[in-house]
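Inspection log for the structure reproduced underneath, given as structure tokens.
First listed ligand is number 1; within each ligand, the first listed atom is number 1.
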Amino acid sequence: MKKTLLVTGAAGFIGSHVAEALLRRGDSVVGLDNLCTAYAPARKQANLDAVRASACAREQWTFVQGDIRDRPLLDRLFGENAFDAVIHLAAQPGGAISIEDPPLSADIHLNGTLQLLGAAKETLVGNFVFASAAGVYGDTPAVPCEESAPCDRPLTPYAATKRAAEMLGFSFHHLYSLNFTALRFFSVYGPRCRPDSLAFQIADGIRNGKKVRLHRKGQIHRDWIAVDDLVAGIVMAADRPLGYEILNLGRGEPVLAADFVALLERHSGGRAHLIPALPPDFDSPCVFADIGKARRLLDFAPRVSLEEGVARFWEWYRSEPSAAL
Ligand code: NAD
């Protein structure tokens, strides 16, 4: 059955892919994004162009430039549309930016999420999917990370406010029976990825001869997941109200940053100009996901190998004019 969904952060990296996936299967999507300047809004416009092009019919896709903290706007959107699900991706992603401006992180992640939860419970939305982050695990030595870990030592305001928003979801589930699934994304990469991500920085370094800071000589493990796999998990979560759950979305395999860089170099045929850097205070040497719970509850099964994912990313970076914006 065709559905109607609200996707917040729809002009961003992950949000634009989610919107496309929903449109491709025939759903109606309202995308909400304030096109904030955390990175060039022109990139977000290019993402929106791609989304618009993937709608089978014009009326399937509505984009609203607006803020998730604007409650009258939300009430209007929720009043005009009977949303089957909300996929809430809008955020100020990244630890570093949250250290520069903690009140902004708190306002977007807490106040913004609360406004959305309030509007969703008023109109009895069937399911609310929230983008959380692996950062909530902090500097845990317990890997692979399991959802049942305490997560009470987040290292940045970004991670702390993501964890707090997961907990607000529990309150709304408890008080109003709202279905709420928090998805903890690990390191997502692929076409349209954010310019501050390692994948983008390395590609940019290779193509433009820019120096790229790599700390610990790349001897850190991350769980890189291709955006196509991540999006499949998000859509599965939107389709399955689960009461209240928290689920990891990664590939479940640790990969050295140095190996990720080497793979990108191989696909591009170029060399990254790496310079050593001190690790930031909030860095963890090894983070990867236990994805057993997502496999069980969503039938989540990542299919894109690192080799294939990196090849797709490089192909986009090489050929897409918006990558050079
Ligand atoms: P992104 O910055 O590309 O997308 C976020 C979008 O939210 C942007 O388009 C931005 O304009 C919009 N936005 C920000 N504040 C807003 C507000 N107040 N109102 C409306 N829109 C607003 O980032 P992304 O990488 O696509 O991340 C999407 C989600 O996934 C975020 O919640 C992020 O925390 C989470 N996440 C991403 C990763 C990753 O590796 N990319 C990892 C973990 C978690």
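Each of the following atoms of ligand 1 lies closer than 4.0 Å to a heavy atom of Lys44: 8 (C), 9 (O), 10 (C), 11 (O). Close approach of ligand 1 to Phe186 (heavy-atom distance below 4.0 Å) involves ligand atoms 40 (O), 42 (C), 43 (C). Annotation for ligand 1: atoms under 4.0 Å from non-hydrogen atoms of Ala11 are 9 (O). With ligand atoms numbered from 1 in the order given, ligand 1 contributes 10 (C), 11 (O), 14 (C) to contacts under 4.0 Å with heavy atoms of Cys36. Of all atoms in ligand 1, listed by their number and element, those nearer than 4.0 Å to a heavy atom of Ala131 are 29 (C), 30 (O), 32 (O). Applying the 4.0 Å criterion to heavy atoms of Gly12 picks out, from ligand 1, the atoms 3 (O), 4 (O), 9 (O).
Residue contacts with ligand 1: Leu32 is placed with no nitrogen or oxygen under 3.5 Å of a nitrogen or oxygen of the ligand (distance criterion only). On a distance-only criterion, Phe185 and ligand 1 share no N/O pair closer than 3.5 Å. Ligand 1 has a nitrogen or oxygen under 3.5 angstrom from a nitrogen or oxygen of Phe13. Checked against a 3.5 angstrom limit, the closest N/O atoms of Ala134 and ligand 1 fall outside it. Below 3.5 Å of separation, one finds an N or O of Ile14 facing an N or O of ligand 1. Below 3.5 Å of separation, one finds no N or O of Pro93 facing any N or O of ligand 1. At a 3.5 angstrom cut-off on N or O pairs, Val188 counts as close to ligand 1.
To the nearest 0.5 Å, atoms CG (Leu298) and CG (Leu249) are separated by 7.0 Å.
Under the 4.0 angstrom criterion for non-hydrogen atoms, Ala38 is not in contact with ligand 1. For Ser132, the closest heavy-atom approach to ligand 1 falls below 4.0 Å. A heavy-atom separation below 4.0 Å is not found between Gly112 and ligand 1. At least one heavy atom of Lys162 sits under 4.0 Å from some atom of ligand 1. Within the 4.0 Å heavy-atom shell around ligand 1 one finds Gly66. Ligand 1 has no atom lying under 4.0 Å from any heavy atom of Tyr189. Ligand 1 lies less than 4.0 angstrom from a heavy atom belonging to Leu35. Distances from ligand 1 to the non-hydrogen atoms of Arg194 include at least one value under 4.0 Å.
Under 4.0 Å is where a charged nitrogen must lie from a carboxylate oxygen, and between Arg312 and Glu308 at least one such pair does. A salt bridge is absent between Asp228 and Arg303; no separation between the charged side-chain nitrogens and carboxylate oxygens falls under 4.0 Å. We find that Lys44 and Asp33 are not joined by a salt bridge, their nearest charged nitrogen and carboxylate oxygen being 4.0 Å or further apart. Between Glu320 and Arg192, none of the side-chain N atoms (NZ, or NE/NH1/NH2) sits under 4.0 Å from a carboxylate O, so this pair counts as no salt bridge.
When Val64, Asp67, Asn34 are ranked by how near their heavy atoms come to atom 22 (C) of ligand 1, first place goes to Asn34. By heavy-atom distance, the residue among Thr161, Thr113, Leu89, Val227 lying nearest atom 31 (C) of ligand 1 is Leu89.
Just one of Thr181, Asp299, Asn127 meets the side chain to side chain donor-acceptor pair (under 3.5 Å) condition when paired with Arg240; it is Asp299.
The protein atom (non-hydrogen) at minimum distance from atom 19 (N) of ligand 1 is Ile68 N, 3.1 Å. Atom 5 (C) of ligand 1 has its closest protein heavy atom at Ala91 O, 4.0 Å. Atom 3 (O) of ligand 1 has as its closest protein heavy atom Tyr39 OH, 2.5 Å. Tyr158 OH, 3.5 Å is the protein heavy atom nearest to atom 33 (C) of ligand 1. Counting protein heavy atoms only, atom 9 (O) of ligand 1 is closest to Asp33 OD2, 2.7 Å.
Other residues, nucleotides and ligands contribute at most 12 non-hydrogen atoms within 6.0 Å of the CG atom of Asp281. Surrounding CZ of Arg25 are more than 12 heavy atoms belonging to other residues, nucleotides or ligands, all under 6.0 Å away. Open room surrounds CG on Leu278; 12 or fewer heavy atoms of other groups in view lie less than 6.0 Å from it.
Note on residues 283-294: pairs passing salt bridge (Lys or Arg N to Asp or Glu O under 4.0 Å), not counting sequence neighbours, are Arg216-Asp283, Arg222-Asp283, Glu245-Lys293.
The shortest side-chain heavy-atom distance between Leu74 and Leu32 falls under the 4.5 Å cut-off. Using a 4.5 Å heavy-atom threshold, the side chains of Tyr189 and Val310 count as touching.
Scanning for salt bridge (charged side-chain N to carboxylate O under 4.0 Å, His left out) contacts around Glu80 gives Arg76, with sequence neighbours left out.
Between Phe186 and Phe288, the distance from one ring center to the other does not fall under 6.0 angstrom. Aromatic pair Phe200/Tyr317: ring centres closer than 6.0 Å.
Cation-pi check for Lys121 over Tyr176 is met; the charged atom lies under 6.0 angstrom from the ring centroid and within 45 degrees of its normal.
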